[in-house]
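A short write-up of the structure that comes next.
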Amino acid sequence: MVDFKAIEEKWQQKWLEEKVFEPQIDEKKPKFYITVAFPYLSGHLHVGHARTYTIPDVIARFKRMQGYNVLFPMAWHITGSPIVGIAERIKHRDPQTIYVYRDVYKVPEDILWTFEDPVNIVKYFMKAAKETFIRAGFSVDWSREFHTTSLFPPFSKFIEWQFLRLKEKGLIVKGTHYVRWDPVVGTPLGDHDLIEGEDVQILDYILIKFVLEENSEVYYLPAATLRPETVYGVTNMWLNPEATYVKARVKSGDKEEKWIISKEAAYKLSFQDKDIEVLEEFKGEKLIGKWVKNPVTGDEVIILPAEFVDPDNATGVVMSVPAHAPFDHAALEDIKKNTEILLKYDIDPRIVENISYISLIELEGYGEFPAVEESEKLGVKSQKDVEKLEQATKNIYKAEYHKGVFKIEPYKGKPVNEVKELVAKDMFEKGIADRMYEFSDKNVISRFGNRAVIKIIHDQWFIDYGNPEWKAKAREALAQMKILPESRRAQFEAIIEWLDKKACARKVGLGTPLPWDPEWVIESLSDSTIYMAYYTISRAVNKYGIKGEQLIPEVFDYIFLENFSEEKEKQLSEKTGIPKEVIREMKEEFEYWYPLDWRCSAKDLIPNHLTFFIFNHVAIFRKEHWPKGIAVNGFGTLEGQKMSKSKGNVLNFIDAIEENGADVVRLYIMSLAEHDSDFDWKRSEVGKLRKQIERFYELITEFAKYEDKDVELMDIDKWLLHRVNKAIKGATEALEEFRTRTAVQWAFYSILNDLRWYMRRTEGRNDEAKRATLRRLADIWVRLMAPFTPHIAEELWTKLGGEGFVSLAKWPEPVEEWWNKTIELEEDYIKALIDDIKEIITVAKLENAKRAYIYTAEEWKWRVAEIVAEKKDFKAAMSEVMKDPEMRKRGKEVSKLIQKLVKERAFELKRIDEEKALRQAKAFIERETGLEIIINPEEDKGGKKKQAMPMKPAIFVE
RNA sequence: GCGGGGGUUGCCGAGCCUGGCCAAAGGCGCGGGAUUUAGGGUCCCGUCCCGUAGGGGUUCCGGGGUUCAAAUCCCCGCCCCCGCACCA
């Protein structure tokens, strides 16, 4: 067995030692600059990530072989709060976290406990990731390695510069924003900060302030609703008699009012820009039977009891619109049936009896009161039928929103979805409405174990992706970019339109502080948008040990935005202490490498990082430095299951490499899927591929012993070389478009299969022509495989006596003299003939047959076929053919043949010498079929001769 | 709700943009054969239905339509997946 690991490590070391992948400026070569989204290192990379990083490496290697000066750098993203969170959880000995890090990521215990400090987590996984990438054989220029955050000051200064410039351009704005919030710990909660409720939505309730006058005091009952337009159909109010309500003084800005809301709502609203002072607590029943005024219509409506009202949802105050809200209708029905309850609150049952529903919306398929109809349809019995009522509500809301037409002035005739906005706007303007954010589900629990609330944050910094001029520039850049796969362009376009203000800083986690407001730390999606430019100067920064404080904004301005100027370099040098030659070097590198040719990442980054990447480039850089292409890839699953570190269902990239070898892993991942489709890792297939690669290795090792002599080749040799040409062409075209799977099919499988056929076809031959052919194939095959399996390709390249590294060898191009379509057709012809003979034997049950007689098409049939192929039409072909007197003699036969050919649309015809092909392959056909083959005998056996057609000889088996 | 993408033969998955050599690549699975003491591996053959001569029939979510011709184009419907932000 081949020791892949030893081979791989040998070449990895050589590449590093000889700095094969650390390109210098070389004006003689075209440059090619490709980057991939750097990994966020909260753990080991798994085989799903492997795809994202292997693709750019394969492309980088391909382009390098094509003669480009290729830059493929790498860095590490450590910005944000997850790493800090992990450190905290390790400190608190959280069992789940310890399981993941000790058992899934296999961190040794003595190191694990140092993870209480996030810096140690970062250090550990950066080292591990680098080792993994080296072991994967990635052709990365490690001289440009860096990591984000203030832990790496030069980069941090670069980010500060970016934000200063964005702010100058007015693209950073301050504002308010709501966040999920832990009210006990006092911190915003991201998705990863929740143990429950990650996908609970935040709803935007409109509060309509109904007026209660009591002893000449005005109180507001803010009814919470998602459908403000139904305020025109309110017949009564609902409070839960059992729930606790409060009277509170509510200060909002300079406005002060007295509200009646549930106790819970008072608490929640205190996080939403409301200063709340509770004056009195009481049960809801206290207010039942009182009358309040609808602030929009001026109607006086009565407060009635309803148990469906949840004090822990929104304000606990609900307006009743029975015509259009199934819950309201059901609750009204309930109290009509149960007059006792009304008497208890001293309400005259006739009042309830006389409530008449107000129809607001015209809805096709329903009468006046859709809520009533829908409730009946679903068989609602009382307000306790919560499930049915929720379904009915959903149906009605959806139908009315999309198809309903409002029928009350001043909105008569307008669609409901418009009226909804208009009513809300109007109420806000009149000061009779307010707003409240609420979760769509109560169970939102932070990782600290507390129930989350929604808090409105002030002084939040945003990047204003909603800026219309900025959007226009982003669209312009996108239009000029290549997007792979092209089908994803629509999504980019939609996201550019959709993006609006994006909060760009927070108060927790690792990162770069905002230079003008250092309490805030720039968050991770905002500090990773233009770092591809930093890579171009990173080599010099690392090499000369340039300090963060030396990198003042003017230095970046000069390097990235301005024209070459010795004067400026001198000035900056004096100011910063960076030698002016070094400033020059950085500037030259940036100008040489930029613009970025390709940005790679997994498809999940399209709605955020990749689009931000476009936006920030067009904001900061000159047009000639705007990026040129984005290629996205899909994800990976493991044996059909989604990879999940918390369930332990992951295969670490490094473990896969150690188990199978880097080349096997690389080729396997590249062969499974391409572009944005996903792949599934199956262990059994990996094992199989390993064997095939071993076979590849053995074959080339064998062919390396052969000599490429200039001898006369046989047709089948020429066939193989023609097929090799096809493989070169196919693989090259596929790689140009990042189609790795197609490329592997050409570069590996098609050659493997052709070789199998060739070996079968040349069994027994061991002449110089065969050896020369195989030797030529080997030479090309190794190079075609080099981007995918670089290590064994290097090893085999040496065996073949290739010069230098195969990584730097010339990518093969099709050899003009090898193209030979005719021979390929002849070979297909032989294959088809063998298949036909075999089929005849089975279908006609001729297992004991001895001989097959083959009749090729007569010359006149070929001539007719050629004419038909040219004319593609019965009449035209017929008149052409009939010019020939010989043909006229066969008038009827010819006419029939033309008819048949036209009907079959047999217009793609290329002449081959059938008989020659048959005679050359005779022995082979006999071996394959086990029959004696007689070619074009005089005797018309079985009367088959007339069936012969061009490319389809007549066959008689006996 | 808004937005993006899909539904192909047992499965995965090409092909569909640029209609026709498409019963539909390739792989997996399954069946048969060769090699082998056996297993594994490797190599051949088969794998929608029918067929004693290489043929015929019915397919590409459902329903319409365009066309000499549709998996491929158009319309309607059904179903599925993904993203929606301060989070990497």
Side-chain angles (χ1 to χ4, degrees), chain A residues 37 39-42 77-83 177-180 188-194 198-199 201-203 226 397-398 401-402 417 457 460-463 465 485-495 497-506 509 523-526 528 603-609 612 635 640 671-674 676-680 682 684-685 687-689 691-692 695 741-742 744-745 749-750 753 756 759-760 832-833 835-846 849 902-909 928 942 944 947 951-958:
Chain A
Y40 182 77
L41 294 175
S42 58
H77 202 201
I78 60 174
T79 308
S81 53
I83 291 174
H177 188 60
Y178 61 82
V179 293
R180 281 181 298 220
L189 301 166
D191 264 351
H192 58 273
D193 297 320
L194 298 178
E198 288 93 328
D199 36 48
Q201 287 185 350
I202 293 176
L203 302 173
L226 298 169
Y397 278 24
K398 204 171 166 180
Y401 183 77
H402 289 286
N417 53 32
I457 301 260
Q460 171 69 54
W461 291 100
F462 294 91
I463 299 179
Y465 292 118
E486 179 60 31
S487 56
R488 286 280 173 182
R489 184 180 296 277
Q491 190 182 0
F492 276 103
E493 285 166 351
I495 299 292
E497 296 316 309
W498 186 250
L499 277 180
D500 200 356
K501 292 187 179 64
K502 147 93 183 146
C504 64
R506 50 190 315 200
E523 61 83 42
S524 62
L525 285 167
S526 300
S528 55
K603 59 189 175 188
D604 55 332
L605 297 188
I606 294 173
N608 42 63
H609 167 260
F612 298 161
F635 313 127
S671 73
L672 283 175
E674 64 193 13
D676 56 351
S677 55
D678 301 336
F679 73 88
D680 185 37
K682 296 197 184 82
S684 61
E685 286 181 359
K688 203 168 167 178
L689 183 66
K691 290 210 172 62
Q692 287 173 320
R695 172 118 181 94
R741 184 188 146 106
T742 309
V744 170
Q745 270 180 9
Y749 290 106
S750 90
N753 286 338
R756 242 194 326 253
M759 291 303 195
R760 216 166 123 196
L833 176 69
D835 286 348
D836 279 350
I837 294 174
K838 284 182 178 169
E839 190 175 352
I840 290 168
I841 291 172
T842 35
V843 172
K845 301 197 171 45
L846 299 168
V902 170
K903 197 174 164 221
E904 286 173 355
R905 304 186 68 80
F907 303 146
E908 305 268 322
L909 185 76
E928 291 288 314
K944 293 282 173 190
Q947 280 183 14
M951 297 307 286
K952 195 164 178 64
I955 302 166
F956 181 74
V957 179
E958 69 168 12

When all nucleic acid strands are considered with a 4.0 Å heavy-atom cut-off, which category describes [X]: base, sugar-phosphate, or nothing?
| X | result |
| --- | --- |
| Ala832(A) | nothing |
| Ser684(A) | nothing |
| Leu41(A) | nothing |
| Thr842(A) | nothing |
| His177(A) | base |

State whether the side chain of Glu674(A) and the backbone N or O of Thr742(A) hold a donor-acceptor pair below 3.5 Å, judged by distance alone.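 Judged by distance alone, yes, a pair lies under 3.5 Å.
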When rounded to the nearest Å, what value does the distance between [atom1] atoms of [N] and [M] take?
| N | M | atom1 | answer |
| --- | --- | --- | --- |
| G26(B) | G64(B) | P | 33 Å |
| G33(B) | A23(B) | C1' | 25 Å |
| U8(B) | C22(B) | C1' | 12 Å |
| C61(B) | G46(B) | P | 27 Å |
| C84(B) | C76(B) | P | 30 Å |
| A24(B) | A14(B) | C1' | 10 Å |
| G13(B) | A69(B) | C1' | 27 Å |
| C16(B) | C60(B) | C1' | 11 Å |

Angle class for the His177(A)/Phe462(A) ring planes (parallel below 30°, perpendicular above 60°, tilted otherwise)?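 Judged by the thresholds at 30° and 60°, the geometry between His177(A) and Phe462(A) is perpendicular.
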To the side chain of [X], which of [options] is closest?
| X | options | result |
| --- | --- | --- |
| Asp836(A) | G26(B), G54(B), C86(B) | G54(B) |
| Leu499(A) | G26(B), A85(B), C86(B) | A85(B) |
| Ala490(A) | G27(B), A85(B), G5(B) | G5(B) |

Tell me: [atom1] of [X] to [atom2] of [N], nearest whole Å?
| X | N | atom1 | atom2 | answer |
| --- | --- | --- | --- | --- |
| Leu525(A) | G83(B) | CG | C1' | 13 Å |
| Leu605(A) | C82(B) | CG | P | 17 Å |
| Gln201(A) | G83(B) | CD | P | 13 Å |
| Glu486(A) | C16(B) | CD | C1' | 16 Å |
| Arg489(A) | G5(B) | CZ | C1' | 16 Å |
| Asp676(A) | C82(B) | CG | P | 15 Å |
| Glu685(A) | G13(B) | CD | C1' | 11 Å |
| Asn753(A) | G26(B) | CG | P | 9 Å |

Taking only residues two or more places apart in sequence, or in another chain, which ones meet Arg489(A) in a side-chain contact (heavy atoms from CB on, under 4.5 Å)?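 Result, side-chain contact (heavy atoms from CB on, under 4.5 Å) vs Arg489(A): Leu478(A), Ile483(A), Glu486(A), Glu493(A).
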My understanding is that only residues two or more places apart in sequence, or in another chain, count here; which of them pass side-chain contact (heavy atoms from CB on, under 4.5 Å) with Lys952(A)?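 Checked Lys952(A) against side-chain contact (heavy atoms from CB on, under 4.5 Å); matches are Asp836(A), Met949(A).
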[N] pairs with which nucleotide, Watson-Crick or G-U wobble, both distances below 3.5 Å?
| N | value |
| --- | --- |
| G40(B) | none |
| G46(B) | C30(B) |
| A70(B) | none |
| G54(B) | none |
| G62(B) | C76(B) |
| G19(B) | none |
| C84(B) | G1(B) |

Atom pair [atom1]/[atom2] of [X] and [Y] - distance to nearest 0.5 Å:
| X | Y | atom1 | atom2 | answer |
| --- | --- | --- | --- | --- |
| Leu689(A) | Glu685(A) | CG | CD | 9.0 Å |
| Tyr749(A) | Arg741(A) | OH | CZ | 10.0 Å |
| Asp676(A) | Lys603(A) | CG | NZ | 5.5 Å |
| Arg760(A) | Glu928(A) | CZ | CD | 4.0 Å |

Between Asp680(A) and Tyr401(A), name the one whose nearest nucleotide on RNA chain B is closer to the 5' end.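 Closer to the 5' end of RNA chain B: Tyr401(A).
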Go nucleotide by nucleotide along RNA chain B from the 5' end; which of Pro953(A) and Val179(A) gets its closest nucleotide reached first?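 Result: Pro953(A).
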Would you say the side chain of Ser528(A) lies within less than 4.5 Å of the side chain of Thr79(A), judging by non-hydrogen atoms?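 With C-beta onward as the side chain, the pair stays apart.
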Report yes if some heavy atom in the side chain of Asn608(A) is under 4.5 Å from a heavy atom in the side chain of Lys502(A); otherwise report no.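 Not in contact.
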Please state whether the phosphate of G55(B), meaning OP1 or OP2, lies under 4.0 angstrom from any side-chain nitrogen or oxygen of Lys952(A).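 True: Lys952(A) side-chain N/O within range (under 4.0 Å) of G55(B) OP1/OP2.
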What pairs of nitrogen or oxygen atoms, one from the protein and one from nucleotides 42-53 of chain B, lie under 3.5 Å apart?
unit_1	atom_1	unit_2	atom_2	d
C43(B)	OP1	Arg756(A)	NH1	2.5
C44(B)	OP1	Arg756(A)	NE	3.3
U52(B)	O4'	Val843(A)	O	3.1
A53(B)	N6	Val957(A)	N	3.4
A53(B)	N6	Val957(A)	O	2.5
A53(B)	N1	Val957(A)	N	2.7

